[in-house]
Trainee: 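I'd like to ask some things about the structure below.
Sequence lines set the chain letters: A, B, ... in the order given, protein chains first and strands last, and positions in each chain run from 1.
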Amino acid sequence: MNKNERFVKKITLKSVDFSRWYVEIIQKAELADYAPVKGMMVIRPYGYAVWERIQRLVDERIKKTGHSNAYFPLLIPESFLQKEAEHLEGFAPEVAWVTYGGKEELEERLAIRPTSEAIIGTMYAKWIKSWRDLPLLINQWANVVRWEKVTRPFLRTTEFLWQEGHTAHESFEEAQDETLMILSLYKEFVENELAIPVISGKKSGREKFAGALETFAIEAMMSDGKSLQMGTSHNLGQQFSKVFNIRFEDRNQKLQYVWQTSWGVSTRLIGALVMTHGDDSGLKFPPNIAPVQVVIVPISAGNWKETVLPVARDIEKKLEKEGLRVKLDEREEFTPGWKFSEWEMRGVPLRVEIGPKDIEKKQVVVVRRDTGKKENVTQSSLNIKVPEILREIQKNMFEMALKFQQENTHEVKNYEEFKAIMDSKKGFIKAFWCEDQVCEEKIKEETMATIRVILLDQDKKAARGKCVFCQKPTETVVYFGRAY
RNA sequence: CGGGGCGUAGCGCAGUCUGGUUAGCGCACAGCGUUCGGGACGCUGGGGUCAGGGGUUCGAAUCCCCUCGCCCCGACCA
């Protein structure tokens, strides 16, 4: 789009006030609205359609890798939650409790699940007897509640939707393979479907999941330079199996505790889509995830209902036949210009304009949301051309985001450079770290930056360096960033 | 949870300091007509427990107290 043109008006500019832009665009594009209870939101049909796309694309990947869906209950008895001490301590401040059933006070209060390890562990103990029952690979799509103090639509809400996978295995190695396989599944999904480039790796001790042996995560850089955790995959080791007594008889007839994993992505991904791709005109959805991929706007001039509309309807059918999600906007109460802006704001990747002039020439005008470029396309070639352009948009959006991420990732040698960059430019800082939590804490105190991920061996070139804070020699490379 | 800001029609605001006609404006909404290739225009109309509760007063959107919500900045977190 021409830099000086901005057709969508009445939204705060992204460059002026990022967080205001974020909440305004979510409401104006009708993704979500605030609910009467603090920290809770309504996901409106357009926003929920995005979630349904995410669900479908994640679900098919989870099933392809051997997992089945199930559903576990919302309420968890307090005593179950208490079994794993670190887990309880980690979640205690944000658990909501049910204390009454009707008018009667409950003997034991019930937690509204903040996550389901406790209830699922309890059930696994009943179901798993032998190595022949393993691996047990279950996923659930559910809502969870965490009593957060600071909330923002999609990024952190009191209730959110997610999928949580819970698996049990015979050995540490098998659990570790599962954990890392899911991590790369998430990465592939987010990059190919959401067009959001991510960094992936291990979480540091202070950032890991309460009760896990190790936590792995994918993180992405939002267009304000801050980092957002997009998905996590935990190797739970035997910490939960020991307290929930999930034992199996192994291949040598010895009784053993299972090795577990858990992993999830949430409605937060929708917030990431907004913050990664959105611009001053509003949302910008990658075609693979967009609820509407193509909007057809008839130019409603003269006797358009007799001339333009029938052709527009034919085009709609033709594109639908190609498996595309198409919307024909034939509302009479809005002008074409108004509709252009409206659908741009709602992030539709491609617009097809058709008016009297086009009818004459048997063509349409096609406009890309990612670049703003207009192009004349003959009506007869639309079924070939439109899917082709959508693929290009998908690719281009990922490349634009990747370019931004790379341009805002800085490698630093010493702490002075580190502070200078965090003060001015934000983004990621790639640096060596000695693995001492003290250095991590100090850096956080002084710069607000935390370790987003620790690079895995396979992702880093073998190298030695010095901890960016204390200068101790180390081989560990990490990404720092300010996080949401 | 601390510090700051803000709550008046769906949205954005004026009115509050200095209490006093029927609470006003723009956008949005409804009806009719003219328009329509980048947020059209005219006419007519509907919509308000002034965030909620309590108090002061002859009289409260306006003054006082309490509660709630939203936004921003910190501490805690998917």
Trainee: Taking the C1' atom in each of B:G46 and B:A30, what is the distance between them to the nearest angstrom?
Mentor: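 Per the computed distance, 7 Å lies between those C1' atoms.
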
Trainee: With rounding to the closest Å, how many angstrom separate the P atoms on B:G15 and B:C6?
Mentor: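 Between the two P atoms, the distance is 13 Å.
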
Trainee: Counting the atoms with a prime plus P, OP1 and OP2 as sugar-phosphate, which does A:S266 contact under 4.0 Å by heavy atoms, base, sugar-phosphate, or nothing?
Mentor: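 Base contact - A:S266 has a heavy atom under 4.0 Å of at least one base atom.
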
Trainee: Give the rounded distance in Å between these two atoms: NZ of A:K361 and P of B:G37.
Mentor: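 The distance from NZ of A:K361 to P of B:G37 comes to 16 Å, rounded to the nearest Å.
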
Trainee: B:G10 C1' sits how many Å from A:E24 CD, rounded?
Mentor: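 Between C1' of B:G10 and CD of A:E24: 15 Å.
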
Trainee: Pick the closest RNA chain B nucleotide for A:R206 and for A:D358 by heavy atoms, then say which residue is nearer the 5' end.
Mentor: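 Its nearest nucleotide lies further toward 5', so the answer is A:D358.
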
Trainee: Could you tell me which nucleotide pairs with B:U22 by Watson-Crick or G-U wobble geometry, both distances under 3.5 Å, or answer none if nothing does?
Mentor: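 Its partner is none (no Watson-Crick or G-U wobble pair with both distances under 3.5 Å).
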
Trainee: Under a 3.5 Å cut-off for both contacts, is B:C70 paired Watson-Crick or G-U wobble with anything, and if yes, with which nucleotide?
Mentor: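 For B:C70, the partner nucleotide comes out as B:G5, under the 3.5 Å rule.
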
Trainee: For nucleotides 67-72 of chain B, tabulate all protein N/O to nucleotide N/O atom pairs closer than 3.5 Å, reporting atom names and distance.
Mentor:
{"residue": "B:C70", "atom": "OP1", "partner": "A:G39", "partner atom": "N", "Å": "3.3"}
{"residue": "B:C70", "atom": "OP2", "partner": "A:K38", "partner atom": "NZ", "Å": "3.4"}
{"residue": "B:C71", "atom": "OP1", "partner": "A:Y34", "partner atom": "OH", "Å": "2.7"}
{"residue": "B:C72", "atom": "OP1", "partner": "A:S19", "partner atom": "OG", "Å": "2.9"}

Trainee: Hey, does A:V150 reach any base, or is it just sugar-phosphate, or nothing, if we go heavy atoms under 4.0 Å?
Mentor: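 Base contact - A:V150 has a heavy atom under 4.0 Å of at least one base atom.
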
Trainee: Between atom CE in A:M345 and atom P in B:G38, what is the gap in whole Å?
Mentor: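 Checked: the CE to P distance equals 19 Å.
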
Trainee: Tell me what A:L228 touches on the nucleic acid: a base, only sugar-phosphate, or nothing, going by heavy atoms under 4.0 Å.
Mentor: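 No contact at all - A:L228 keeps every heavy atom at 4.0 Å or more from the nucleic acid.
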
Trainee: If you only use heavy atoms from C-beta on, which nucleotide in B:C77, B:C36, B:G39 is closest to the side chain of A:I299?
Mentor: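 Looking only at heavy atoms from C-beta outward on A:I299, the closest nucleotide is B:C36.
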
Trainee: Is any side-chain N of the basic residue among A:R368 and A:E375 closer than 4.0 Å to the acidic one's carboxylate O?
Mentor: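 Salt bridge between A:R368 and A:E375, a charged N being under 4.0 Å from a carboxylate O: no.
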
Trainee: Are the charged groups of A:R53 and A:E193 less than 4.0 angstrom apart, N to O?
Mentor: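 Result for this pair is no, no salt bridge flagged.
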
Trainee: Is the shortest side-chain N to carboxylate O distance from A:K226 to A:D224 below 4.0 Å?
Mentor: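 The answer is no: the pair does not qualify as a salt bridge.
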
Trainee: Please determine, for B:C29, whether a Watson-Crick or G-U wobble partner exists with both distances under 3.5 Å, and give it or none.
Mentor: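 Its partner is B:G45.
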
Trainee: When all nucleic acid strands are considered with a 4.0 Å heavy-atom cut-off, which category describes A:T157: base, sugar-phosphate, or nothing?
Mentor: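 The answer is base, as A:T157 lies within the cut-off (heavy atoms under 4.0 Å) of a base atom.
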
Trainee: Does B:U35 pair with anything, Watson-Crick or G-U wobble, both distances under 3.5 Å, and if so, with which nucleotide?
Mentor: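 When the pairing criteria are applied, nothing turns out to pair with B:U35, so the answer is none.
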
Trainee: Using a 4.0 Å heavy-atom cut-off across all strands, classify A:M230 as base, sugar-phosphate, or nothing.
Mentor: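 Answer is nothing: A:M230 stays at 4.0 Å or more from every strand.
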
Trainee: Taking the C1' atom of each, how far is B:U8 from B:C50, in whole Å?
Mentor: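 Approximately 4 Å lies between the C1' atom of B:U8 and that of B:C50.
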
Trainee: So does A:K149 reach the base of B:G74 with its side chain, donor to acceptor, closer than 3.5 Å?
Mentor: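 No, the side chain and the base share no sub-3.5 Å donor-acceptor pair.
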
Trainee: Need the pair for B:C50. Rule: Watson-Crick or G-U wobble, both distances under 3.5 Å, any strand; none if unpaired.
Mentor: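 Because no pair has both required distances under 3.5 Å, B:C50 counts as unpaired.
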
Trainee: So which of A:F469, A:Y415, A:F428, A:F418 actually passes ring-ring contact (aromatic ring centres under 6.0 Å, His included) with A:F480?
Mentor: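 Testing A:F480 for a ring-ring contact (aromatic ring centres under 6.0 Å, His included) against A:F469, A:Y415, A:F428, A:F418 leaves exactly one candidate, A:F418.
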
Trainee: Taking the P atom in each of B:C63 and B:U18, what is the distance between them to the nearest angstrom?
Mentor: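 Taking atom P in both B:C63 and B:U18, they lie 8 Å apart.
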
Trainee: Taking only Lys NZ, Arg NE, NH1 and NH2, and the carboxylate oxygens of Asp or Glu, determine whether A:E207 and A:R452 approach each other closer than 4.0 Å.
Mentor: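 Between A:R452 and A:E207 there is a salt bridge, with a charged N closer than 4.0 Å to a carboxylate O.
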
Trainee: Looking only at atom C1', what distance separates B:C68 and B:A51, rounded to whole Å?
Mentor: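 My reading of the C1' atoms in B:C68 and B:A51 gives 8 Å.
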
Trainee: Identify whether the distance between the nearest side-chain nitrogen and carboxylate oxygen of A:E446 and A:K442 falls below 4.0 Å.
Mentor: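 No, no charged N to carboxylate O under 4.0 Å.
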
Trainee: Mind checking A:V365 for me? I need base, sugar-phosphate or nothing, with any heavy atom below 4.0 Å counting as a touch.
Mentor: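 If one applies the 4.0 Å heavy-atom cut-off, A:V365 turns out to touch a base.
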
Trainee: Nearest whole angstrom, please: distance from the P of B:C77 to the CH2 of A:W162.
Mentor: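 Checked: the CH2 to P distance equals 16 Å.
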
Trainee: Select one nucleotide: of B:G37, B:A78, B:G74, the one nearest the side-chain heavy atoms of A:R268.
Mentor: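 When the side chain of A:R268 is considered, B:A78 is the closest of B:G37, B:A78, B:G74.
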
Trainee: Taking atom P of B:C36 as reference, at what distance in whole Å does atom CZ of A:R331 sit?
Mentor: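 So the two atoms are 19 Å apart, to the nearest Å.
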
Trainee: In the strands shown, is B:G59 matched to any nucleotide by a Watson-Crick or G-U wobble pair with both distances under 3.5 Å, and which?
Mentor: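 Pairing partner, where one exists within any strand: none, as none qualifies.
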
Trainee: Given side chains that start at C-beta, do those of A:M397 and A:H277 come closer than 4.5 Å, heavy atoms only?
Mentor: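 Result yes, sub-4.5 Å side-chain heavy-atom pair found.
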
Trainee: With rounding to whole Å, what would you report as the distance between B:A23 and B:G47 at their C1' atoms?
Mentor: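 The same atom, C1', in both gives a distance of 14 Å.
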
Trainee: Counting only distance, no hydrogens or angles, is the base of B:C36 paired donor-acceptor with the side chain of A:T335 under 3.5 Å?
Mentor: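 Between B:C36 and A:T335, which were checked side chain against base, a qualifying N/O pair under 3.5 Å is absent.
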
Trainee: Measure from CZ on A:F340 to P on B:G38 and round the result to the nearest Å.
Mentor: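 The answer, rounded to whole Å, is 6 Å.
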
Trainee: If I take atom CD in residue A:E333 and atom P in nucleotide B:A28, what distance separates them, rounded to the nearest angstrom?
Mentor: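 A:E333 atom CD is separated from B:A28 atom P by 13 Å.
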
Trainee: Describe the nucleic acid contact of A:Q229 in one word from base, sugar-phosphate, nothing, applying a heavy-atom distance below 4.0 Å.
Mentor: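 Sugar-phosphate only.
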
Trainee: So, does A:K444 get its side chain near the phosphate of B:C76, meaning an N or O under 4.0 Å from OP1 or OP2?
Mentor: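 True: A:K444 side-chain N/O within range (under 4.0 Å) of B:C76 OP1/OP2.
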
Trainee: In whole Å, I'd like the distance from the CD atom of A:E94 to the C1' atom of B:C76.
Mentor: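 Distance check: A:E94 CD to B:C76 C1' gives 8 Å.
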
Trainee: Need one value for A:K339: base, sugar-phosphate or nothing, where a base atom within 4.0 Å counts as base even if backbone is also close, heavy atoms only.
Mentor: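 A:K339: no heavy atom of the nucleic acid under 4.0 Å.
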
Trainee: So what's B:U16 paired with, Watson-Crick or G-U wobble, going by both distances under 3.5 Å?
Mentor: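 The base-pairing partner of B:U16, which may sit in any strand shown, does not exist here.
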
Trainee: Could you work out the separation of B:A14 and B:G55 based on their P atoms and round it to a whole Å?
Mentor: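 So the two P atoms sit 30 Å from each other.
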
Trainee: Considering only B:A78, B:G39, B:C36, which nucleotide approaches the side chain of A:W304 most closely?
Mentor: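 Shortest atom-to-atom distance from the side chain points to B:C36.
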
Trainee: Mind checking if A:P93 touches a base, just sugar-phosphate, or nothing, with heavy atoms under 4.0 Å?
Mentor: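 Contact class for A:P93: none.
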
Trainee: Is the shortest distance from a Lys or Arg side-chain nitrogen in A:K305 or A:E330 to a carboxylate oxygen in the other one below 4.0 Å?
Mentor: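 No, no charged N to carboxylate O under 4.0 Å.
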
Trainee: On a heavy-atom basis, which atom in A:P336 and which in A:I299 lie closest, and how many Å separate them?
Mentor: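 Closest approach of A:P336 to A:I299, heavy atoms only: CB-CD1, 3.9 Å.
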
Trainee: Return the nearest nucleotide to the side chain of A:W338; candidates are B:G39, B:C36, B:G38.
Mentor: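 Side chain of A:W338 sits closest to B:G39.
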
Trainee: Apply salt bridge (charged side-chain N to carboxylate O under 4.0 Å, His left out) to residues A:K203 and A:E219 and explain how you reach the verdict.
Mentor: CA-CA 11 Å; A:K203 282 286 176 182; A:E219 297 251 343; 2.6 Å; yes

Trainee: For B:G54 versus B:G10, give the span between their P atoms, rounded off to a whole number of Å.
Mentor: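 Approximately 23 Å lies between the P atom of B:G54 and that of B:G10.
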
Trainee: With a 4.5 Å limit on heavy-atom distance, are the side chains of A:P114 and A:W147 in contact?
Mentor: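 Answer no - side chains too far apart.
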
Trainee: Choose from B:C36, B:G39, B:C77 the nucleotide whose nearest atom is closest to any side-chain atom of A:P336.
Mentor: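 Nearest to the side chain of A:P336 among the choices is B:C36.
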
